[in-house]
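Chain A is the first sequence line, chain B the second, and so forth, proteins listed ahead of strands; every chain is numbered from 1.
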Protein chains: 2
Amino acid sequence: METRGRALRADAERTVRTILEAAERVLAADPTATMEQIAAAAGVARTTVHRRFATREALVEALATWATERFHQAVEAARPLTSPPLVALHQVTANVLQVKIGWSFAMSRTAPSDPEAARVHADVLAQCDRLFRRAQEAGLMSADTDLEWARRVYYALIHEAAEEGREIVDIGAVDQLAARVVDTLLHGVGAPVQTLPRRPVGGAGSSGPDADGHPGPR
Amino acid sequence: METRGRALRADAERTVRTILEAAERVLAADPTATMEQIAAAAGVARTTVHRRFATREALVEALATWATERFHQAVEAARPLTSPPLVALHQVTANVLQVKIGWSFAMSRTAPSDPEAARVHADVLAQCDRLFRRAQEAGLMSADTDLEWARRVYYALIHEAAEEGREIVDIGAVDQLAARVVDTLLHGVGAPVQTLPRRPVGGAGSSGPDADGHPGPR
DNA sequence: AGTAGATGCAACATCGATGTTGCAAGTAAT
DNA sequence: ATTACTTGCAACATCGATGTTGCATCTACT
């Protein structure tokens, strides 16, 4: 039931880390898991958890804050503001994936009531925006691309890739995932657009892909 | 505390629908919302909710089942097996979006312990797969596209679009969202690939986009 | 070695959510 | 109009999760 006494002893510090890691694992599997389960997973008594984190809420918040730091570092380490857009894109993606895979629960909680976390997320958002703008200037994205939508798609793809990477432990596979995310973000999963598709293959009299209009009736 | 007596009276039937709709609204906003809150939102007493749905779990399952039906209908109605791929893609997307926007919570619960719901989802998955195959044959997707990944991306994009469409009530906007999803799925948010990008714009000595290799170190 | 801190354990207190029951009053159906 | 179903209300029972306390034992730090 203490929140901030003073410096913790070495073993206590270790216990805190152990609890946080256990909490991540357990809560990722079941967000409604009980303190009891978390304590068990951490190999400590339930009372010890309460000693370190006054309330369940405090524990989750600590988890979120902890993950947010990693997240921020992951983005910063990619230097998305200075390296060439495509490189930065890949780098950021890989780094963030790494974090999201290991801290999926914590990352799923945009720490409410934590102004620091909010600041970080806003900051990252801004950096993402700037990166995309640079991507536009570099001709990677066309000038009329909706950056808001692009960002959402980007986030969604990262989330999806992280999900897929859940069961993967192999490092290096992360780079492959990142490559796929970036490629998909920029070019989708479709075939490259032929400028003049004269009679595709043959077969059912399908109406050829009409630019971008709405195809059928309702 | 009844599960299946026999035919309900007309007003009771209405009450059930009212409760389900209220549950959807409330639970979408807060998945941990209490029966009390749901009852309040439905404008009935808490005991009435319990009269119609024995347990909380039963209510959620009913919700999921209900939404699953809508979902299945939405997919079927698009005739994804017979209409030309691009048309089907748009149609399916629009229909599913419509459902996901209105039943986000229910749709987020792949009804566990409900074999029927599982069957539906598996069925939809299969149809999605077949549709993508046809898209490949039609040249919409290249032959070496990973259909598993394509499906995940597709689902993720729909999810994202539904999220964005949450605050939108306007029908017709759904078609625009669908168009954007399909376009993004196939072509991403990047600029169309120029076959020979001679010196993009100028500026920082950025290493030009190198095909698909991993850019940096690490 | 001595001390302050840390942990486990058992026991207790609280609280909110869930689920139940009985009854009076209202409403659909024949 | 009569009947059977439905609802609201109030009260009760249960249960699990959370949070607390005291004490004995153990461990890190000086």
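Residues from residues 26-37 of chain A placing a heavy atom under 4.0 Å of any atom in DNA chain D, listed by number, are A:Thr34, A:Met35.
Scanning both residues, B:Ala77 and B:Asn95, for their nearest heavy atoms gives CB-ND2, 3.9 Å. Taking all atoms of both residues into account, the shortest heavy-atom contact from A:Val92 to A:Ala78 is CG2-CB, 3.4 Å. The nearest pair of heavy atoms linking B:Ala162 to B:Leu97 is N-CD2, 3.6 Å. Residue A:Gln127 comes nearest to A:Pro80 through the heavy atom pair OE1-CG, 3.0 Å, listed as atom of the first residue, atom of the second, then distance.
A side-chain N or O of A:Ser142 and one of A:Thr145 form a donor-acceptor pair less than 3.5 Å apart.
Looking at B:Pro84 and B:Val87, their side chains come closer than 4.5 Å, going by heavy atoms from C-beta outward.
Between the C1' atom of D:dT6 and the CG atom of B:Leu8 lies a distance of 10 Å, rounded to the nearest Å. Look at CG on B:Leu59: it is 14 Å from C1' on C:dG19, rounded to the nearest Å. Between B:His50 atom NE2 and D:dT6 atom C1' the separation is 17 Å, expressed in whole Å. In this structure, the CZ atom of A:Arg56 is 10 Å from the P atom of D:dA17, given to the nearest Å. Between A:Glu13 atom CD and C:dT7 atom P there is a gap of 11 Å when expressed in whole angstrom units.
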| query | What's the verdict on salt bridge (charged side-chain N to carboxylate O under 4.0 Å, His left out) for A:Glu137 and A:Arg134, showing C-alpha distance, side-chain angles and the deciding distance? | reply | CA-CA 5 Å; A:Glu137 286 161 16; A:Arg134 289 204 304 132; over 6 Å; no

Can you tabulate the close N/O pairs, meaning under 3.5 Å, that link protein atoms to atoms of nucleotides 25-28 of chain C?
from, atom 1, to, atom 2, distance (Å)
C:dT27, O2, B:Arg9, NH1, 3.3
C:dT27, O2, B:Arg9, NH2, 3.1
C:dA28, O4', B:Arg9, NE, 3.4
C:dA28, O4', B:Arg9, NH2, 3.4

Grab the N/O contacts between the protein and nucleotides 11-16 of chain C below 3.5 Å, and write none if there aren't any.
none

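Dashed line: the shortest gap from a side-chain N or O of B:Thr48 to OP1 or OP2 of D:dG8 is under 4.0 Å.
Distance CG/B:Leu8 to OG1/B:Thr15: 9.0 Å, rounded to 0.5 Å.
Between the base of C:dG19 and the side chain of B:Arg51 there is no donor-acceptor pair shorter than 3.5 Å.
Formation of a donor-acceptor pair under 3.5 Å by the A:Glu24 side chain with backbone atoms of A:Ala106 is found in this model. At least one donor-acceptor pair closer than 3.5 Å links the side chain of A:Thr18 to the backbone N or O of A:Arg14.
Ion pairing between a basic and an acidic side chain is recognised when a charged N comes within 4.0 Å of a carboxylate O; B:Glu164 and B:Arg180 show such pairing.
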